[in-house]
A.B. asks: 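Would you mind keeping the following structure in view while I ask a few things?
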Amino acid sequence: MDRNYLLHDSIISPLGFGTSSNLDAIRRGKSALKFHQNSKIFPEGYYAGLISEDLIDQRFQKIGDIKLFTRLEKLIILAISQVIGKMDSPDLKDTGLIISSTKGNIDQLGKSEFSEERVFLWKMAEVVADFFGFKQEPIVVSNACISGTLAIKTANTFINSGKFSKVIVAGGDLVSEFVLSGFKSFQAISPNPCRPFSNDRNGISLGEAAAAILIGKPESKKGQQIAYIDSYTANDANHISGPSRTGEGLYLSISRLLDSENINPENIDYLSAHGTATEFNDEMEAIAFDRAGLNKVQMNSLKAYYGHSLGTSGLIETILTKQCLLNNELFASLNYSDSGVSKALNIIKKHQKLNLNTALKIASGFGGCNLAMLLKKESL
């Protein structure tokens, strides 16, 4: 079976409106996490990565009517628009659209700006698909915080089954009052910018963003491309919100993936962790990585750059993993101080340039869902 590849991509975030501007910001060590106030939920204030409404509208009005779309729809449409703009032959007849999100237009609850059904994920996906004129019905993937990575796996499956010739995977999530109040109820939000895997970590920081990526066969057989090798999922069903204390689900997804491809841990050049900076998540990942023999693999969490953008985080981090492989660079795990987990990990402390070929991207989420994805650089 021919492999599919991660092709054109776009990241829309507080760090920039496009992948290149996001990369430039990360290279400069810039973080999207800023102090914000919300008198209703966080009167003492909180740190998060938020995108200016005025900036969104300023960019969107160049391609559409800002009054016809919700805030999240505009972000997702902007990301897809950048991807389509990079395609040599943007014929959408055989191109699928998969939308990944955990909460979608949840910020529209109780408002009267749009029809009530706009809150449903299927309707949001329909609105986005109609904007571009996709010929086939969009598909929605919503499985907690592995949504973005699971959507890529789903795209690969649909292409290999012959349903689509290529697929655009897009997603987004907002820092809405619904999300803020939910994480506050868990007492999971850090009073400071998050510090994944550190001994002084104190919870997550939230972030909002949108992203899109084209999956399929390369339009040109020249140069280097990033191949999607495979991915495995496992659900340990430990708790509705708490991760497994033994890392069972994540360990199973990683070990099954590596075994299926006959790859030893020492052959992995880079590991992009989930790294939410909560006490239990980071410890769970450390245990799973230790069990899988990944202790010496260079790894980081990108959450301190963006905050946790829920279902979009895995999509953004996959795009950045792809770019790291292509550019032979690794980014420091921002805000990391000293180890705060029980197992030894090889956390990246400084940006560096080195030859990279194979990367492992993992994601975990509520309900015990876990995914491990293998990417590889190939010369065509």
Side-chain angles (χ1 to χ4, degrees), residues 1-13 16-23 76-100 128-129 132-136 138-139 141 147-172 209-231 270 272 312 314-329 356-361 363 371 373-380:
M1 184 182 297
D2 291 338
R3 286 176 176 168
N4 294 307
Y5 294 79
L6 307 185
L7 305 174
H8 310 302
D9 56 62
S10 171
I11 299 173
I12 307 294
S13 82
F17 279 63
T19 300
S20 60
S21 57
N22 276 261
L23 286 169
I76 294 175
I77 288 171
L78 282 167
I80 295 174
S81 178
Q82 288 191 1
V83 168
I84 292 177
K86 297 173 185 176
M87 295 169 63
D88 290 342
S89 303
D91 182 1
L92 302 181
K93 183 174 68 174
D94 298 319
T95 302
L97 175 64
I98 298 179
I99 299 291
S100 67
V128 172
F132 294 100
F134 280 88
K135 305 304 180 184
Q136 303 193 50
I139 296 161
V141 172
S147 298
T149 51
L150 185 59
I152 293 174
K153 177 180 175 64
T154 304
N156 182 72
T157 300
F158 275 124
I159 294 171
N160 289 342
S161 71
K163 183 174 178 62
F164 304 116
S165 62
K166 50 188 174 294
V167 173
I168 292 177
V169 173
I213 188 167
L214 179 67
I215 314 293
K217 304 296 185 294
E219 295 168 320
S220 171
K221 293 295 183 180
K222 298 180 181 179
Q224 293 181 322
Q225 299 284 350
I226 303 305
Y228 169 91
I229 304 300
D230 204 354
S231 59
Y270 166 50
S272 175
T312 316
L315 184 54
I316 290 174
E317 290 159 14
T318 298
I319 291 172
L320 293 174
T321 299
K322 167 204 163 185
Q323 295 294 335
C324 285
L325 288 174
L326 286 175
N327 298 321
N328 289 314
E329 63 182 334
L356 301 173
N357 291 295
T358 305
L360 183 65
K361 171 64 199 148
L371 182 144
M373 178 193 304
L374 192 65
L375 304 177
K376 188 175 183 179
K377 181 165 60 182
E378 295 183 350
S379 297
L380 302 183

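Values in this document were obtained by computation on a predicted structure and should not be read as measured data.
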A.B. asks: Would you say L7 and Q225 make side-chain contact, with heavy atoms under 4.5 Å?
C.D. replies: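 Side-chain contact under 4.5 Å: yes.
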A.B. asks: Evaluate the side-chain proximity of L356 to L325: yes if any heavy-atom separation is below 4.5 Å, no if none is.
C.D. replies: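 Yes, at least one pair of side-chain atoms sits under 4.5 Å.
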A.B. asks: Would you say L97 and I80 make side-chain contact, with heavy atoms under 4.5 Å?
C.D. replies: yes
A.B. asks: Output the distance between atom CG (N156) and atom OG (S161), rounded to the nearest 0.5 Å.
C.D. replies: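 Between atom CG of N156 and atom OG of S161 there are 9.5 Å.
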A.B. asks: Just one of N327, D9, T19 clears the side-chain hydrogen bond (donor to acceptor under 3.5 Å, both in side chains) bar with K322, so which one?
C.D. replies: D9
A.B. asks: Taking atom CD1 of I152 and atom CG of N4, what is their separation to the nearest 0.5 Å?
C.D. replies: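 Answer for the CD1-CG pair, I152 versus N4, is 11.5 Å.
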A.B. asks: So, taking the atom named OH in Y228 and the one named CD1 in I215, what distance separates them when rounded to the nearest 0.5 Å?
C.D. replies: 9.0 Å
A.B. asks: Does E378 have any salt bridge (charged side-chain N to carboxylate O under 4.0 Å, His left out) partners at least two apart in sequence or in another chain, and if so, which?
C.D. replies: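 Salt bridge (charged side-chain N to carboxylate O under 4.0 Å, His left out) check on E378 returns R3.
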A.B. asks: Rounded to the nearest 0.5 Å, how far apart are CG of L150 and OG of S100?
C.D. replies: 9.0 Å
A.B. asks: To the nearest 0.5 Å, what is the distance between CD1 (I168) and CD1 (I84)?
C.D. replies: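 Output value for this atom pair is 4.5 Å.
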A.B. asks: Of the non-hydrogen atoms in S231 and L371, which two are nearest, and what is the gap between them?
C.D. replies: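 Closest approach of S231 to L371, heavy atoms only: CB-CD2, 4.2 Å.
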A.B. asks: Which heavy atom of T318 sits nearest a heavy atom of G314, and at what distance?
C.D. replies: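 Result for this residue pair: OG1-O, 2.7 Å.
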A.B. asks: Once you round to the nearest 0.5 Å, how far does CD1 of I139 lie from CD1 of I98?
C.D. replies: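 One gets 5.0 Å once the value is rounded to the nearest 0.5 Å.
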A.B. asks: So which heavy atom on K361 is nearest to which on T321, and how close?
C.D. replies: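 In this case the closest contact between K361 and T321 is CD-OG1, 4.3 Å.
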A.B. asks: Report, as yes or no, whether the 6.0 Å neighbourhood of atom NZ on K377 holds more than 12 heavy atoms from other residues, nucleotides or ligands.
C.D. replies: yes
A.B. asks: What heavy-atom pair brings N22 and F17 nearest, and what distance separates the two atoms?
C.D. replies: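 Heavy-atom minimum between the residues: ND2-N, 4.5 Å.
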A.B. asks: Assess whether atom NZ of K135 is packed by more than 12 heavy atoms of other residues, nucleotides or ligands within 6.0 Å.
C.D. replies: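 It does not: K135 NZ has 12 such atoms or fewer within range.
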A.B. asks: May I have the step-by-step check of side-chain contact (heavy atoms from CB on, under 4.5 Å) for I12 and Q82, ending in yes or no?
C.D. replies: CA-CA 10 Å; I12 307 294; Q82 288 191 1; 3.8 Å; yes
A.B. asks: Quick one, I159 with K217, criterion side-chain contact (heavy atoms from CB on, under 4.5 Å). Give me CA distance, side-chain angles, the key distance, then yes/no.
C.D. replies: CA-CA 10 Å; I159 294 171; K217 304 296 185 294; 4.3 Å; yes
A.B. asks: Would you name the heavy atoms of L315 and A170 that are closest together and state the gap between them?
C.D. replies: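 That would be CD2-C, 4.0 Å.
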A.B. asks: Might you work through the side-chain contact (heavy atoms from CB on, under 4.5 Å) test for H8 and E219, ending with a clear yes or no?
C.D. replies: CA-CA 10 Å; H8 310 302; E219 295 168 320; 3.2 Å; yes
A.B. asks: Do the non-hydrogen side-chain atoms of V128 and P138 ever get within less than 4.5 Å of each other?
C.D. replies: no
A.B. asks: Which atoms form the tightest heavy-atom contact between S13 and A209, and what is the distance?
C.D. replies: CB-CB, 4.0 Å
A.B. asks: List the steps, then state whether side-chain contact (heavy atoms from CB on, under 4.5 Å) holds for L320 with I11.
C.D. replies: CA-CA 9 Å; L320 293 174; I11 299 173; 3.8 Å; yes
